[in-house]
There are 2 protein chains.
Amino acid sequence: MASRQPLSRSRILDAAVSFADEHGVEALTMRKIADALEFRVMSLYNHVTNKQEMLAGMLDVVVGEIGDPPTEGSWKDMLQASAADAHHVLSRHKWAAGEWSKRLPGPNRLRYIESILRILTEAELGPEVVYRGYHAVTMHIVGFTLQEVGYEQSLGDDLEEMADAFLNEMASEFPYMAEHVRGHLDDHDHGDEFAFVLGLILDGLDRAAR
Amino acid sequence: MASRQPLSRSRILDAAVSFADEHGVEALTMRKIADALEFRVMSLYNHVTNKQEMLAGMLDVVVGEIGDPPTEGSWKDMLQASAADAHHVLSRHKWAAGEWSKRLPGPNRLRYIESILRILTEAELGPEVVYRGYHAVTMHIVGFTLQEVGYEQSLGDDLEEMADAFLNEMASEFPYMAEHVRGHLDDHDHGDEFAFVLGLILDGLDRAAR
DNA sequence: ACCTGAACACCGTTCAAGT
DNA sequence: ACCTGAACACCGTTCAAGT
């Protein structure tokens with residue numbers, strides 16, 4: 001049996017990440033992770049201290065998938081590239097953005113934060129713009145992804161179905177929202193909204209610094 | 001006994017909101033809410049269909065505390081005022097921002113969304129900027145608040161203590177982050193960051209529309 | 001050092017019985 | 001129509017016992 005290699009913290013975290021990717025973090029259970037690894041529940045506690053700490057570890061595994069930002073280019077380009085990478089990673093693990101603000105940073109997240117702050121600091125925008133810019137950039141990465149995955153999660157596969165139902169029943173009461181929902185259903189290309197909004201923020205920071 | 005008025009959906013939601021405000025949403029339990037109301041658990045199910053639906057209802061109660069946006073002033077001022085109001089409400093109920101993206105909108109949230117979209121649409125920015133602007137504004141309201149309350153929640157009361165410990169142990173490995181943490185501890189006035197970043201976004205939308 | 005059976009104190013929810 | 005006792009199928013976690 002391939003699975004009879006001994007348990008380890010890292011094997012547990014990987015299994016838990018895969019499970020959450022597939023079934024959502026709210027379905028994640030110590031017992032199910034143990035089952036997937038073909039061990040008994042209690043064995044997990046030899047390698048993780050409890051479920052909360054395991055979730056923090058899982059998030060840090062995900063953050064570890066974000067690569068180092070580029071070292072060439074303008075500070076805006078470097079931040080756009082790094083944020084896009086983070087966005088892709090968080091989109092792959094739809095539960096992760098929701099955990100981000102609930103867990104203290106692990107080693108990988110500390111490294112990631114440091115790399116964002118380094119780019120902002122070396123852009124010579126002044127301490128106040130760096131301070132606020134950091135909050136703005138991370139807020140955008142996590143907040144935007146969270147908004148994107150939120151509806152997918154709660155509506156499941158019948159997203160379009162629900163949207164149609166809404167348009168039929170509520171369009172007269174909520175005309176502006178009906179228009180917005182039509183925007184979602186359109187095959188119109190809305191472009192890269194993530195990069196667009198981040199661009200507004202970065203341009204604004206640039207302007208505020210000068 | 002004052003509490004022997006009959007149970008109702010609204011009394012349950014109010015009790016649940018108060019409980020979550022005080023103890024956090026992760027400590028919220030059907031049994032505890034029933035206890036607080038001096039009924040038995042199963043009675044709750046006569047008025048809410050299950051815990052998930054109750055949480056959706058709780059969030060909509062909170063959204064109901066957000067007032068209508070002003071009807072006078074520039075579109076930017078109206079959005080700043082409405083967003084600030086939403087921010088205050090979500091800051092009062094620290095668990096609510098985390099639920100926002102996980103629940104489908106209830107009646108109060110539909111009304112709120114409609115009011116934001118109305119302001120954007122009547123600003124005549126063009127359909128594409130309205131579409132993206134709506135996502136940007138709501139992302140900011142929820143994302144920013146989530147980031148603000150996140151650390152407060154997970155670090156509890158010893159936030160400053162933790163920050164000091166970080167500075168002592170990690171400042172050499174993460175110099176930029178150490179500087180950022182110092183920024184948090186400073187008695188410097190960082191101004192209204194929420195309004196500042198929203199301002200960047202709104203100015204950017206304005207510029208994109210022209 | 002790592003694994004595990006048994007047990008504890010909880011969960012959300014259903015169902016049938018009461019008024 | 002609303003309330004509730006009993007029960008079911010789960011949870012996370014501890015502890016003592018095994019290797």
Side-chain angles (χ1 to χ4, degrees), chain A residues 1-61 95 98-99 102-104 153-154 156, chain B residues 1-61 95 98-99 102-104 153-154 156:
Chain A
M1 272 305 84
S3 94
R4 267 298 120 173
Q5 58 190 283
L7 220 41
S8 73
R9 177 176 169 83
S10 146
R11 284 189 68 212
I12 292 171
L13 294 183
D14 288 346
V17 166
S18 298
F19 184 93
D21 288 350
E22 196 165 350
H23 303 102
V25 76
E26 68 289 332
L28 184 152
T29 266
M30 298 305 273
R31 282 168 164 89
K32 289 186 200 156
I33 301 308
D35 283 352
L37 291 161
E38 296 184 68
F39 281 80
R40 308 293 166 156
V41 211
M42 311 75 74
S43 308
L44 301 180
Y45 290 88
N46 290 311
H47 303 93
V48 298
T49 62
N50 57 41
K51 191 184 183 180
Q52 298 304 311
E53 191 266 344
M54 188 177 86
L55 283 163
M58 290 165 61
L59 180 60
D60 213 54
V61 165
W95 51 274
E99 296 298 313
K102 293 199 277 198
R103 312 287 160 198
L104 287 177
Q153 300 278 70
S154 50
Chain B
M1 273 302 92
S3 94
R4 268 298 119 172
Q5 60 191 282
L7 221 38
S8 74
R9 176 176 169 83
S10 143
R11 283 189 66 213
I12 291 171
L13 295 182
D14 288 346
V17 166
S18 300
F19 184 93
D21 288 351
E22 196 165 350
H23 303 102
V25 77
E26 68 290 333
L28 184 152
T29 267
M30 299 303 274
R31 281 168 164 90
K32 289 185 199 156
I33 302 306
D35 283 352
L37 291 160
E38 296 183 68
F39 282 80
R40 309 292 166 158
V41 212
M42 311 76 73
S43 308
L44 301 180
Y45 290 88
N46 290 312
H47 303 94
V48 297
T49 62
N50 56 42
K51 192 184 182 181
Q52 298 304 310
E53 192 265 346
M54 188 178 87
L55 282 163
M58 290 165 62
L59 180 60
D60 213 54
V61 166
W95 51 275
E99 295 299 312
K102 293 200 276 198
R103 313 284 160 201
L104 289 177
Q153 300 279 69
S154 49

Using nucleotides 7-11 of chain C, report all nitrogen or oxygen pairs with the protein that are shorter than 3.5 Å.
from: C/dC11; atom 1: O5'; to: B/T29; atom 2: OG1; distance (Å): 3.3

Item to check | Rounded distance [0.5 Å steps], CD in A/E53 versus CG in A/L104 | outcome: 11.5 Å
Next on the checklist: Using OP1 and OP2 only, check whether a side-chain N or O of B/S43 sits under 4.0 Å from D/dT4.
Outcome noted: yes
Item to check | DNA chain D base-pair string [pairs: Watson-Crick or G-U under 3.5 Å; |: paired with another strand] | outcome: ||.|||||...|||||.||
Checklist entry - Taking atom C1' of D/dT4 as reference, at what distance in whole Å does atom CG of B/L7 sit? => result 12 Å
Checklist entry - Just one of B/V25, B/N50, B/V48 clears the side chain to side chain contact (heavy atoms under 4.5 Å, CB included) bar with B/L55, so which one? => result B/V25
Checklist entry - Is any side-chain heavy atom of A/M54 less than 4.5 Å from a side-chain heavy atom of A/R9? => result no
Checklist entry - How long is the line joining CZ of B/R9 and P of D/dA1, in whole Å? => result 18 Å
Checklist outcome for this item: The answer to which of A/V41 and B/V41 contacts DNA chain D further toward the 5' end, by nearest nucleotide, is B/V41
Next on the checklist: Which heavy atom of B/S43 sits nearest to which heavy atom of B/H47, and what is that distance?
Outcome noted: O-ND1, 3.5 Å
Next on the checklist: If I take atom CZ in residue B/R40 and atom P in nucleotide C/dG12, what distance separates them, rounded to the nearest angstrom?
Outcome noted: 16 Å
Checklist entry - Does A/R11 reach the side chain of A/Q5, with side-chain heavy atoms less than 4.5 Å apart? => result yes
Checklist entry - Atom CE of B/M58 and atom CG of B/D21: how far apart are they, to the nearest 0.5 Å? => result 8.0 Å
Item to check | Length of the CG-P vector between B/N50 and C/dG12, whole Å | outcome: 11 Å
Checklist entry - Between C/dC3, D/dT13, D/dC3, which nucleotide has the shortest distance from any of its atoms to the side chain of B/N46? => result D/dC3
Checklist entry - What's the shortest heavy-atom distance between B/L44 and B/M30, and which atoms? => result CD1-O, 3.2 Å
Item to check | Residue pair A/L37 / A/L7, side-chain heavy-atom distance below 4.5 Å | outcome: yes
Next on the checklist: Can you build the contact string for nucleotides 14-19 of chain D? Use B for base contact, S for sugar-phosphate-only contact, and - for no protein heavy atom under 4.0 Å.
Outcome noted: B-----
Checklist entry - How close or far is atom P of C/dT13 from atom NE2 of B/H47, stated in whole angstroms? => result 16 Å
Item to check | Spacing of CD1 belonging to B/I33 relative to CG belonging to B/D14, to within rounding of 0.5 Å | outcome: 11.0 Å
Next on the checklist: If I take atom CD in residue A/E53 and atom C1' in nucleotide D/dG12, what distance separates them, rounded to the nearest angstrom?
Outcome noted: 14 Å
Checklist outcome for this item: The reported gap from CD1 in B/I12 to OH in B/Y45 (rounded to nearest 0.5 angstrom) is 10.5 Å
Next on the checklist: Distance check needed: D/dG12 P versus A/E26 CD, whole Å only.
Outcome noted: 13 Å
Checklist entry - Rounded to the nearest Å, what distance is computed from the CD1 atom of residue B/I33 to the C1' atom of nucleotide C/dT13? => result 16 Å
Next on the checklist: For B/R103 and B/Q52: C-alpha separation, side-chain torsions, deciding distance, then whether side chain to side chain contact (heavy atoms under 4.5 Å, CB included) applies.
Outcome noted: CA-CA 9 Å; B/R103 313 284 160 201; B/Q52 298 304 310; 2.6 Å; yes
Item to check | 4.5 Å side-chain heavy-atom contact, A/L28 and A/K51 | outcome: yes
Next on the checklist: Looking only at the side chain of A/F39 (C-beta and beyond, no hydrogens), which of the listed nucleotides C/dC2, D/dT4, C/dT4 gets closest?
Outcome noted: C/dT4
